[in-house]
Amino acid sequence: MSRFNRLLRFTVVLILIIFFISHKIISKKQYQHVLDLQSKLANTKYDINSQLNIHDSASQEKIIYKDSTNDLKNYQRANATFFTLAKNEDLIEMGKTIRSVEDRFNKKFHYDWIFFNNQEFSPDFKRTMNNLCSGNVKFEIIPQEFWSYPDWIDKERAKQVRISSRTDIIYGGSETYRFMCRFFSGFFYKLESLQKYDYAWRVEPETTFHCDINYDVFQYMVSNNKHYGFTISLHEFANTIPTLWENVKKFIEFYPHFINPNNLIDFLSDDHGETYNLCHFWTNFEIVNLNFLRSEAYETFFNYLDKANGFFYERWGDAPVHSIAVALFLNKEQIHYFEDIGYYHKPASNCPINDDVWKENNCLCDQWMDVTFRPFSCTPKFYDLLKLKKPDNWKEHAAMAQLGE
């Protein structure tokens, strides 16, 4: 009997060794996270739509606020806000950005604006933002636990990673940039000032809106069952995320019930998920249903990645994290590309190349500087996967871009 017990113990140990070797990229924290969640989710069928507060609408028309001189008290805005991470020294550039947003859009609708920082805002910053924004303005200090290391990170190892990647990886030597990427990946939507809102539009300092926006963008998202909107999509720097996709593949293996049957994984991968093609939505502009980020699927996804340590032992950005989650968990029809919102954030510009859109919306931008159909853009892939009609002259712009003109 004792011989049998020894044999049994040996077999169990062998199985465990094989398991951990085959799952070697899974950390202890990740594995415990998996066990805890799998026990809660056993034998359940997941539907993310039940967590998105979807408003059914038969109309696919954009909602126009036709008379900006009328009192807005009776206008039914969406439950939405702008939000910005800014520092006191961003005052002038942020002011220019707000003027752009107000002149092109928000003077018609007066949506709120929330500013947050990991330090106290100066009285001058608050006074200026309150003066420029037509909606209600709120300021919030980011809690320390949202802008710091989790307790399982080896800070000395993280420091050595920053030192070794200072010259080879964009922002590789920055500790603050890593805090910011982790914050936007898993914490900004947990800020107290955002809790009452359903939708949020991210705006950063030093951005410009090229065109008039003559419809309520938030109401369009709600009415048309859109949960994520973007203007530019590019390729990520591969050396910032060497193990991200391997972790994503393991997540899919553990949590297949979170993956939407009508997903957009082919936007992320050219071989149906085996490898990552580096495509991501440029998140310095994003309009997102906050209930998506609050969903069980996204929260599980972020926690899993957080425990893989890539925000600090590599240099994972929030753009690929958001983009991968959006593409996997949402129905691809719930993702929207804004071809009519001209947008610039250094160094990329979205300038509508459709002449009718450019003229009707009084756009002030060089159409030949538009990046939409450039070789480094992923937006053509989005057009193809969603079967969207491209502008008639898109090939001319793509060809000219390839010639370097």
Gap between atom [atom2] of [Y] and atom [atom1] of [X] - 0.5 Å precision:
X      : Y      : atom1 : atom2 : result
Cys211 : Asn362 : SG    : CG    : 8.5 Å
Phe218 : Ile287 : CZ    : CD1   : 5.5 Å
Thr231 : Asn350 : OG1   : CG    : 5.5 Å
Phe329 : Ile259 : CZ    : CD1   : 5.0 Å
Lys332 : Leu385 : NZ    : CG    : 6.5 Å

N-O pairing of [X] and [Y] below 4.0 Å:
X      : Y      : result
Glu204 : Arg202 : yes
Asp266 : Lys381 : no
Arg178 : Glu175 : no
Arg182 : Asp318 : no
Glu102 : Arg99  : no

Quick one: closest heavy-atom pair of [X] and [Y], and the distance?
X      : Y      : value
Asn289 : Asp198 : OD1-O, 3.1 Å
Trp316 : Cys181 : O-CB, 3.4 Å
His235 : Cys279 : NE2-SG, 3.6 Å
Trp358 : Cys365 : NE1-O, 3.2 Å
Tyr189 : Leu293 : CE1-O, 3.4 Å
Asn361 : Asp340 : ND2-O, 4.0 Å

Quick one, [X] and [Y] - any side-chain contact, counting heavy atoms below 4.5 Å?
X      : Y      : result
Tyr304 : Phe254 : yes
Thr81  : Tyr199 : no
Thr207 : Phe285 : no
Val357 : Glu360 : no
Ser295 : Phe301 : no

Can you tell me how the ring of [X] sits relative to the ring of [Y], calling it parallel under 30°, perpendicular over 60° and tilted otherwise?
X      : Y      : answer
Trp147 : Phe179 : tilted
Trp282 : His345 : perpendicular
Phe281 : Phe230 : tilted
Phe188 : His322 : tilted
His336 : Phe338 : perpendicular
Tyr111 : Phe82  : perpendicular
Phe183 : Phe116 : perpendicular
Tyr298 : Phe302 : parallel
Phe109 : Tyr75  : tilted

For atom [atom1] of [X], is the number of surrounding heavy atoms from other residues, nucleotides or ligands below 6.0 Å larger than 12?
X      : atom1 : result
Leu386 : CG    : yes
Tyr171 : OH    : no
Asp392 : CG    : no
Glu192 : CD    : no
Leu364 : CG    : no

Quick one: do the [X] and [Y] side chains pair a donor with an acceptor below 3.5 Å?
X      : Y      : result
Asn260 : Asn331 : no
Tyr228 : Gln334 : no
Ser122 : Asp124 : no

**Message:** Does anything in residues 154-165 form a side chain to side chain donor-acceptor pair (under 3.5 Å)? List the pairs, not counting sequence neighbours.
**Reply:**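 Of all non-adjacent pairs touching residues 154-165, those that pass side chain to side chain donor-acceptor pair (under 3.5 Å) are Tyr149-Arg162, Glu156-Gln160.
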
**Item:** Donor-acceptor contact present, side-chain Ser233 to main-chain Thr379, <3.5 Å
**Value:**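 Side chain of Ser233 to backbone of Thr379, a donor-acceptor pair under 3.5 Å: yes, one is there.
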
**Message:** Measuring centre to centre across the rings, with the benzene-like ring taken for any Trp, is Trp113 within less than 6.0 Å of Phe139?
**Reply:**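 Not close enough - the centres of the two rings lie 6.0 Å or further apart.
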
**Prompt:** Using the benzene-type ring in the case of Trp, are the ring centres of Tyr344 and Phe209 under 6.0 Å apart?
**Reply:**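 They do not qualify: ring centres at least 6.0 Å apart.
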
